[in-house]
Structures are given as C-alpha cells and as structure tokens.
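Counting convention: from 1, in listed order, for ligands and their atoms alike.
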Amino acid sequence: MNEIYVEKFGGASVNSAQAIKNVSTILLSENKNRLIVISAMGKTTNNLETILNYFYDHSKIDYDTLELSKNYHQNIIDNLFPSGDLHLKNFLDLTYTEIVNKLLISNHKPYDMVYDMIVSYGELIGTTIISKYFESINLKHHLIYANEIICTNNSFRRAKVLWKETKENIINNIEPLFYDSNLVITQGFIGGTENNEITTLGREGSDFSAAVFAYCLDAKNVTIWKDVSGLLNADPKYFENTHKFEQVPYSEAIELAYYGASIIHPKTIKPLENKSIPLFIKSFLSPKEEGTRIDCCSCTKPLMPSYIFKDNQTLLSIFPKDFSFIVEENISNIFALFAKYGIKINLMQNSAISYSVCFDTIQDNLLQKLIEELSPTYSIKYNNYLRLITIRRYTEEAISDLIKDQEIIIEQRSRLTAQFLVKL
Ligand code: ASP
Ligand code: MG
C-alpha cells in the first residue's frame with residue numbers, strides 16, 4: 001500500500017464556492033493518496049446550534065436561522081453548478097425538513113443527544129455538496145460517512161473514540177478504497193455509537209478526527225489547512241506583529257493548544273506523537289508556502305514567548321458554608337460536579353476556605369443548575385466577562401508589556417507559563 005496523507009479542511013476553507021474550488025486546486029496540484037477530513041461550511045455549526053437552542057428555549061423552530069443556513073448552502077450550490085443541480089436542491093430541501101422533524105419529535109431526549117443529531121448535519125451537508133462538485137470536475141474519490149467509521153461511546157457532545165473498533169473499521173473499510181482511487185473524503189467532528197446514534201467529538205473536533213484517521217492509517221503526515229500561515233506566537237486578531245514558528249516539538253504544541261491557541265484542537269497532537277506522524281499547519285490561501293511543522297524535533301533555538309487570550313471566562317468561587325477548610329473531599333465532590341456538567345476547568349486556585357475555578361462561560365441555565373447543586377454546602381460568588389491571558393515561555397519584559405494596565409484577579413506562574421485572569 002502506498003503512503004496515505006491525511007489533510008483537514010476547516011470551515012473557513014470551504015465557506016464559499018470559490019473556497020471549494022480552491023480546495024480542488026490544492027488536491028489537483030499533487031498526485032498522492034489522500035484522505036481528507038472536512039468541517040461544516042463557514043458558520044454552519046453555529047447556526048445549527050442557534051436553531052437547536054432556540055427550540056429548547058421556546059419550543060419553536062427558528063425559521064429565520066434555518067432559512068439563512070439553507071440559503072447559504074443553496075447559494076454555494078448555485079455558484080458551483082451554474083446550470084443548476086436538481087439532485088442537490090432536493091437533498092437540501094429534504095435535509096432541512098429532516099432537521100425540523102427531528103427537533104419536533106426530540107422532546108424527551110437529552111439535550112446533548114439531540115445536539116449531536118442536529119449539529120452533525122453541518123458536516124453531512126457540506127461533504128455531500130463537495131463530493132458532488134468533485135464528481136462534476138472528474139475528481140475521482142470515495143465519500144465515506146465518519147459516523148459509520150469512527151466508533152465512540154455515547155457521551156454525546158464530547159464522545160470518546162473507541163480506538164480498537166475504529167481502527168478495525170478504518171483498516172477494513174478505508175484502506176481498500178485506495179486501490180481504485182487516490183482520494184477519500186469524509187466528515188470531521190462526527191462519530192457514531194454501536195447503536196448507530198450519531199455523536200460529536202467537541203467543538204472544533206475535526207482536527208482530532210484527522211488525527212484519528214492518521215493514527216489508524218499510519219499516515220505519512222497530516223496537514224491542517226488554515227487561513228493563517230502556520231502556528232503563530234499570538235492571534236493576529238489581538239496583536240499587530242506576530243511571529244510564525246517554522247518547527248515546533250509536539251510537547252510544545254500540546255501545551256499551546258491546551259492553553260487555548262485556537263489553531264489546533266488540543267487532542268490532535270497526542271495520537272500523532274505516539275506514531276511520530278508529522279503535522280503541518282499551512283495556509284490554504286498560499287498553499288505553496290512552508291507553514292509550520294510539528295514533530296519530535298528538539299528545538300535548537302529557544303522558542304519565543306507565545307501569547308494566548310481566552311475571552312468569555314467565568315470565575316466561580318466556592319466557600320464552605322460552615323467555614324471549614326477546603327479539603328480533598330470537598331475538591332473531589334466539586335470536581336465530580338464539573339465532570340458531570342462537562343465543564344473544562346481552565347485555571348484553579350484554592351486557599352484555606354475558598355476554592356476558585358475558571359472556565360469558558362456556559363449557558364446561564366446550566367450555570368444556575370451547577371450553583372443549585374453546590375449551594376446546600378457552599379456559598380458561591382461568580383464573575384463573568386473575564387479574559388484569561390497565558391504567556392508561554394514568558395519573560396519579565398513580555399509580562400510587563402502586556403499586563404501593565406490590567407486589573408488582575410488571579411495570577412499564576414510556573415517555570416515556563418504565566419497566567420493572568422483579568423477583567424475586561
Ligand atoms: N464544525 C465543527 C465546529 O465548528 C467542528 C470543526 O469545525 O472542527 O466546531
Ligand atoms: Mg468549524
């Protein structure tokens with residue numbers, strides 16, 4: 001079997017007819033065996049989330065957003081197929097009707113399960129359109145459904161991959177496809193349970209999907225196509241001068257992703273590191289440029305400081321009502337609650353009589369439920385609209401430049417990482 005390359009195209013790389021044509025140009029520019037993992041087009045995932053949440057809050061369909069999302073896809077189809085494509089038009093009609101019907105009969109099912117049922121349509125619609133377009137330009141390929149291949153448990157919205165079953169599926173069902181074509185396309189983000197329920201791997205999870213396929217296929221390497229030139233030391237949204245890393249070791253990339261560098265999903269690196277599969281981050285706007293290579297290199301030059309901002313943070317402070325100390329037992333109960341609500345803790349700090357946790361702001365009703373469960377034993381205070389600043393490989397200069405005028409709520413430093421939770 002010739003080597004297989006895994007490439008991931010995110011939402012921004014397929015957000016218009018032009019962008020999809022650009023993907024085909026990238027694919028046609030080099031002849032090699034590729035499995036490509038594709039996300040939902042543009043802002044589709046957000047729109048589907050909006051439709052779902054509206055239904056949960058109002059028991060009504062948000063037809064405005066539904067039409068917006070449908071027209072968005074129809075517009076892409078019209079631009080890809082100027083003389084029309086009846087099959088895709090019917091497919092779109094049918095799919096959006098299906099979304100409405102699934103919501104209407106979802107009443108008694110848990111939110112997270114319905115979330116996966118609805119939000120996964122983004123990837124399914126996108127890959128269907130792209131596959132049809134590839135067909136029309138004679139780009140030979142196989143379209144496969146990731147929910148039939150990536151086996152997961154039934155932790156909806158944050159499903160865990162069952163590696164053994166997934167690997168078997170990939171070896172049995174995907175490898176043979178490369179005998180008569182050098183392109184396989186599939187969806188990122190989604191998986192399926194043994195009972196054929198659809199699951200998702202967490203927001204921005206398509207990067208991780210690519211890593212799962214690469215691991216199981218022993219891929220030669222993985223490329224994540226982005227709208228930036230590689231892994232930068234800061235987000236150009238916040239910083240004027242950014243530096244692109246040429247090569248970064250896996251260990252450092254894991255840390256940067258963990259602290260919130262939004263360029264790669266944190267779970268992506270580990271499977272690749274375990275098999276020493278290099279990961280490239282490249283720009284789909286200038287595909288000939290080098291990008292960043294993440295591998296097992298040990299950097300000869302020290303890496304420069306990286307700056308990571310995470311906005312929309314909530315700080316929840318928990319105080320035992322009886323003024324007893326916070327001990328292991330309290331912490332273990334509190335952790336269990338956070339795990340139950342699927343809240344990932346970004347920073348924590350404890351003192352004798354208080355325990356503070358910082359996490360991405362959650363929906364208000366979820367926060368109220370969490371507080372309700374804590375309140376028999378603890379009094380609670382919380383703060384929203386905070387920013388968590390992480391400086392990886394900090395210098396005193398880097399800190400003072402960035403932090404000087406900020407109102408700091410929590411500050412923590414380790415040898416390589418300084419974190420500041422600040423008010424905006
Ligand atoms: N479409 C999903 C999201 O926007 C998954 C992904 O893009 O990685 O979160
Ligand atoms: Mg996306």
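- Atoms of ligand 1 lying under 4.0 Å from at least one heavy atom of Ser206, given by number and element, are 5 (C), 6 (C), 7 (O), 8 (O).
- For a threshold of 3.5 Å applied to N or O pairs, the pair formed by Thr45 and ligand 1 contains at least one separation below that value.
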| Thr199 vs Asp116, side chain to side chain donor-acceptor pair (under 3.5 Å): CA-CA, chis, key distance, verdict | CA-CA 5 Å; Thr199 54; Asp116 286 357; 5.2 Å; no
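- Within ligand 1, the atoms closer than 4.0 Å to a non-hydrogen atom of Arg203 are 3 (C), 4 (O), 9 (O), numbered from 1 in the order shown.
- Under the side chain to side chain donor-acceptor pair (under 3.5 Å) criterion, Ser181 pairs with no residue, sequence neighbours left out.
- Look at Gly205 and you'll find a heavy atom under 4.0 Å from some atom of ligand 1.
- In this structure, Asp207 does not pair ionically with Lys267, as no charged nitrogen and carboxylate oxygen lie closer than 4.0 Å.
- By the criterion of a heavy-atom distance under 4.0 Å, the side chain of Glu123, and not its backbone, is placed next to ligand 1.
- Atoms of ligand 1 found under 4.0 Å from any heavy atom of Phe189, numbered from 1 in the order shown, are 2 (C), 5 (C).
- Residue pairs meeting the ring-ring contact (aromatic ring centres under 6.0 Å, His included) criterion with at least one member in residues 62-84, sequence neighbours excluded, do not occur.
- Atom numbering of ligand 1 starts at 1 in the shown order; those under 4.0 Å from a heavy atom of Ser39 are 6 (C), 7 (O), 8 (O).
- Counting heavy atoms from C-beta outward, Ile331 and Phe335 have side chains that approach closer than 4.5 Å.
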| Yes or no on side chain to side chain donor-acceptor pair (under 3.5 Å) for Glu373 and Tyr341, after CA distance, side-chain angles and deciding distance? | CA-CA 11 Å; Glu373 289 210 42; Tyr341 284 95; 2.6 Å; yes
